[in-house]
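Input: a single structure, listed below in structure tokens.
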Amino acid sequence: MFKEYKTIKEVVGPLMLVENVEGVKFNELVEIVTGSGETRRGRVLEVDRDKALVQLFENSQGLQISKSRARFLGRSLELAVSEDMLGRVFDGLGNPRDGGAPVIAEKRMDVNGEPINPAARDYPNEFIQTGVSAIDGLNTLVRGQKLPVFSMSGLPHAELAAQIARQARVLKSDEKFAVVFAAVGITYEEADYFIRDFQETGAITRTVLFTNLANDPAIERIATPKMALTAAEYLAYDLGMHVLVIITDITNYCEALREVSAARKEVPGRRGYPGYLYTDLAAMYERAGRIRGKKGSITQIPILTMPEDDKTHPIPDLTGYITEGQIILSRELYKKGVTPPIDVLPSLSRLKDKGIGTGKTREDHADTMNQLFSAYARGKEAKELAAILGEAALSDTDKLYAKFAEAFEREYVSQGFHVNRSIEETLDLGWKLLRILPRSELKRIKEAYIEKYLKND
């Protein structure tokens with residue numbers, strides 16, 4: 001039986017205070033019925049004795065508290081899930097946005113989910129091919145991993161996100177692969193780009209798309225990633241699918257958290273973000289992984305734009321602590337016309353060694369990866385030295401390294417957003433570039449691999 005109250009005391013921004021309540025629980029769903037009969041939704045954010053603080057999902061504009069009543073539903077926010085979600089577009093609260101009928105639910109799941117028991121986690125060790133050389137060859141993504149992309153304002157992270165969503169697949173596996181894509185706080189143009197791209201390439205058939213637009217309420221922004229992860233958990237653990245979850249942009253999610261925190265008059269933490277930002281992000285990121293005894297898995301790629309291009313800003317800083325590495329996009333490379341502009345040296349995948357090698361990618365993967373990293377780092381140093389002292393100051397070997405760095409950025413990193421390279425093509429391209437250097441410089445590769453793969457065509 002629903003409990004209804006006409007004791008709404010005040011409304012401040014997205015928050016509403018209801019007094020003289022009984023038996024109300026944290027996170028419980030609330031319906032606010034206005035005097036005109038319109039229904040708005042919210043959830044209980046805080047309970048203090050007989051007072052409940054309600055967070056509204058919709059705008060509070062025009063709400064007359066004297067003529068409205070609050071109805072507490074006795075359950076938390078849920079998502080109707082079914083395999084029919086694949087190929088559909090939803091808003092940030094799980095309502096159809098593509099003009100189609102509502103999903104006929106196989107079951108309803110609480111969007112807050114449950115953290116995976118660490119003892120039940122299985123170690124990520126299977127390679128996921130994204131088709132992007134800078135990721136596959138050097139900062140490999142592994143099934144069950146959390147690997148964020150750190151971008152900057154104006155860089156093409158949306159194009160990279162769409163490319164990974166289109167191209168990603170688990171090699172040597174006949175199990176189903178699905179993508180859950182959550183777009184948080186984006187513009188109408190960006191939302192239209194993602195939907196059109198997935199429809200034109202056919203990727204929409206294996207994708208569930210949640211879109212929260214910039215003009216949607218901030219509260220919906222907070223719910224969107226949870227909706228996406230709930231859909232992913234159903235596809236992975238109930239249907240046994242490999243699921244890749246891409247969330248863009250985490251910065252918009254954190255800004256919404258800060259907005260609600262300020263409305264609640266909470267004591268701010270770093271840069272005005274709430275003190276619980278770390279635990280909130282961790283609760284979201286840690287819903288990725290593999291569980292022993294379950295066929296499915298959730299791999300997560302959160303994308304965030306670093307405010308003021310600052311890696312030490314709380315959002316990228318805390319994200320880096322929780323996740324297993326980061327892919328960093330570079331403004332300097334983007335100005336040079338490198339797409340995707342992935343800066344491979346500061347980028348890192350902490351689990352890359354677990355997903356490569358014989359039986360997973362190829363036997364020479366680890367050695368060539370280390371050699372390419374080393375050669376590119378030395379080539380960049382040589383170019384910097386030439387810029388200061390002139391090219392005449394470089395030795396012949398240094399000149400070759402500088403040439404290698406140029407070719408590496410132009411051919412290996414820069415592949416455009418519509419080229420899908422297999423891991424064999426990526427590894428062969430690495431060997432082709434290493435031919436620029438004298439054989440004596442390939443000190444990080446086993447001699448047997450040099451004999452087998454360093455062919456001079």
Within a radius of less than 6.0 Å around NZ of Lys311, do more than 12 heavy atoms belonging to other residues, nucleotides or ligands occur? no

More than 12 non-hydrogen atoms from neighbouring residues, nucleotides or ligands closer than 6.0 Å to CZ on Arg292, yes or no? yes

Do Asp110 and Arg75 meet the salt-bridge criterion of a basic N to acidic O distance under 4.0 Å? no

With a 4.5 Å heavy-atom cut-off, do Val413 and Ser133 have their side chains touching? no

Can you tell me if Arg444 has over 12 outside heavy atoms packed within less than 6.0 Å of its CZ? no

Yes or no on side chain to side chain contact (heavy atoms under 4.5 Å, CB included) for Leu239 and Lys176, after CA distance, side-chain angles and deciding distance? CA-CA 9 Å; Leu239 302 184; Lys176 286 185 178 176; over 6 Å; no

Worked check of salt bridge (charged side-chain N to carboxylate O under 4.0 Å, His left out) between Lys146 and Glu324: CA-CA 6 Å; Lys146 308 174 286 289; Glu324 292 113 11; 2.7 Å; yes

Within a strict 4.5 Å, meaning less than it, do heavy atoms of the Val18 and Lys51 side chains meet? no

Do Tyr253 and Asp280 pair up side chain to side chain, a donor and an acceptor below 3.5 Å, judged on atom types alone? yes

The test is salt bridge (charged side-chain N to carboxylate O under 4.0 Å, His left out); show your working for Glu189 and Arg196 and say whether it passes. CA-CA 10 Å; Glu189 286 77 18; Arg196 220 174 43 233; over 6 Å; no

In Å, rounded to the nearest 0.5 Å, how long is the span from CG of Leu372 to OH of Tyr412? 5.5 Å

Check the side chains of Tyr334 and Thr339 for a donor-acceptor pair under 3.5 angstrom, ignoring hydrogens and angles. no

Determine whether Met109 and Glu233 satisfy the following criterion, side chain to side chain contact (heavy atoms under 4.5 Å, CB included), listing intermediate values before the conclusion. CA-CA 9 Å; Met109 294 176 66; Glu233 284 166 352; 4.3 Å; yes

Apply side chain to side chain contact (heavy atoms under 4.5 Å, CB included) to Asn27 and Val44, showing your working. CA-CA 5 Å; Asn27 256 339; Val44 177; over 6 Å; no

So how far is it from Met85 CE to Thr207 OG1, rounded to the nearest 0.5 Å? 12.5 Å

May I ask you to decide if Glu22's main-chain N or O and Lys3's side chain share a donor-acceptor pair within less than 3.5 Å? yes

Start with the C-alpha distance between Thr312 and Asp317, add both sets of side-chain angles, then the distance that settles side-chain hydrogen bond (donor to acceptor under 3.5 Å, both in side chains), and finish with yes or no. CA-CA 5 Å; Thr312 66; Asp317 189 31; over 6 Å; no

A side-chain contact here means heavy atoms from C-beta on lying under 4.5 Å apart; do Leu155 and Met152 qualify? yes

Side-chain contact test, heavy atoms from C-beta onward, threshold under 4.5 Å: evaluate it for Asp367 versus Glu363 and give yes or no. no

Rounded to the nearest 0.5 Å, how far apart are CD of Glu4 and CD of Glu31? 9.0 Å

Between Phe127 and His365, what is the ring plane arrangement, given parallel below 30°, perpendicular above 60°, and tilted in between? perpendicular

Check whether Glu220 reaches the backbone of Pro217 with its side chain - one donor and one acceptor, N or O, closer than 3.5 Å. no

Indicate yes or no for a side-chain donor-acceptor contact from Gln300 to the backbone of Leu244 under 3.5 Å, with no hydrogens or angles considered. no

Shortest non-hydrogen separation from Pro340 to Gly416 and the atoms involved: CD-O, 3.9 Å

Could you tell me whether a side-chain N or O of Ser347 sits under 3.5 Å from a main-chain N or O of Ile328, the two making a donor and an acceptor? yes

Is the backbone of Ile291 close enough, under 3.5 Å, to the side chain of Asp122 for a donor and an acceptor to pair up by distance? no

I'd like to know if the side chain of Gln167 and the backbone of Thr130 have a donor-acceptor N/O pair within less than 3.5 Å. yes

Asn252 CG to Ile303 CD1 distance, which is reported to the nearest 0.5 Å: 12.0 Å

Please check if any side-chain donor atom of Thr299 sits under 3.5 Å from a side-chain acceptor atom of Arg143, or the reverse. no

Is the ring centre of Phe72 less than 6.0 Å from the ring centre of Tyr5? yes

Could you please spell out the steps behind the salt bridge (charged side-chain N to carboxylate O under 4.0 Å, His left out) verdict for Arg264 and Glu46? CA-CA 10 Å; Arg264 291 175 69 182; Glu46 198 174 306; 2.5 Å; yes

Any heavy-atom pair between the side chains of Thr248 and His157 that's under 4.5 Å? yes

With rounding to the nearest 0.5 angstrom, report the CD to OG1 distance, Glu78 to Thr230. 10.0 Å

May I have the step-by-step check of side-chain hydrogen bond (donor to acceptor under 3.5 Å, both in side chains) for Arg69 and Thr34, ending in yes or no? CA-CA 7 Å; Arg69 60 189 190 275; Thr34 65; over 6 Å; no

Please answer whether the main-chain N or O of Glu19 pairs with a side-chain N or O of Thr7 as donor and acceptor at a distance below 3.5 Å. yes

Are Val208 and Val179 close enough that some pair of their side-chain heavy atoms sits under 4.5 Å apart? no

Side-chain contact, heavy-atom cut-off 4.5 Å: Leu235 with Val180? yes

How many angstroms lie between CG in Leu304 and CD1 in Ile250, if you round to the nearest 0.5 Å? 7.0 Å

Polar side-chain atom of Gln326 near backbone of Pro346 as donor-acceptor pair, under 3.5 Å: yes

Tell me if the OH atom of Tyr276 is crowded by more than 12 foreign heavy atoms within 6.0 Å. yes

Distance-only side-chain donor-acceptor flag, Thr426 / Asp136, under 3.5 Å: no

Is the backbone N or O of Leu15 less than 3.5 Å from a side-chain atom of Gln55, with the two atoms forming a donor-acceptor pair by type? no

Give a yes or no on whether a salt bridge exists between Arg221 and Asp216, defined as a side-chain N under 4.0 angstrom from a carboxylate O. no

Flag, side chain of Glu38 to backbone of Ile32, donor-acceptor distance under 3.5 Å: no

Name of the residue among Phe210, Phe90, Tyr193, Phe198 meeting ring-ring contact (aromatic ring centres under 6.0 Å, His included) with Phe181: Phe198

Would you sort out whether Asp98 and Gln199 count as a side chain to side chain contact (heavy atoms under 4.5 Å, CB included), showing the intermediate values? CA-CA 12 Å; Asp98 53 7; Gln199 287 173 339; over 6 Å; no

Between Thr211 and Arg97, is a side-chain hydrogen bond (donor to acceptor under 3.5 Å, both in side chains) present by the stated rule, with each step listed? CA-CA 8 Å; Thr211 58; Arg97 195 166 232 160; 3.2 Å; yes

Could you walk me through whether Arg121 and Glu286 satisfy the salt bridge (charged side-chain N to carboxylate O under 4.0 Å, His left out) test, starting with their C-alpha distance in whole Å, then the side-chain angles of each, then the deciding distance to 0.1 Å, before giving a yes or no? CA-CA 11 Å; Arg121 280 185 178 273; Glu286 292 297 343; 3.2 Å; yes

Examine the side chains of Arg290 and Asn125 and answer whether a donor and an acceptor come within less than 3.5 Å of each other. yes

Cation-pi geometry met for Arg258 and Tyr273 (6.0 Å, 45°): yes

Flag for Tyr234-Glu106: side-chain donor and acceptor within less than 3.5 Å: no

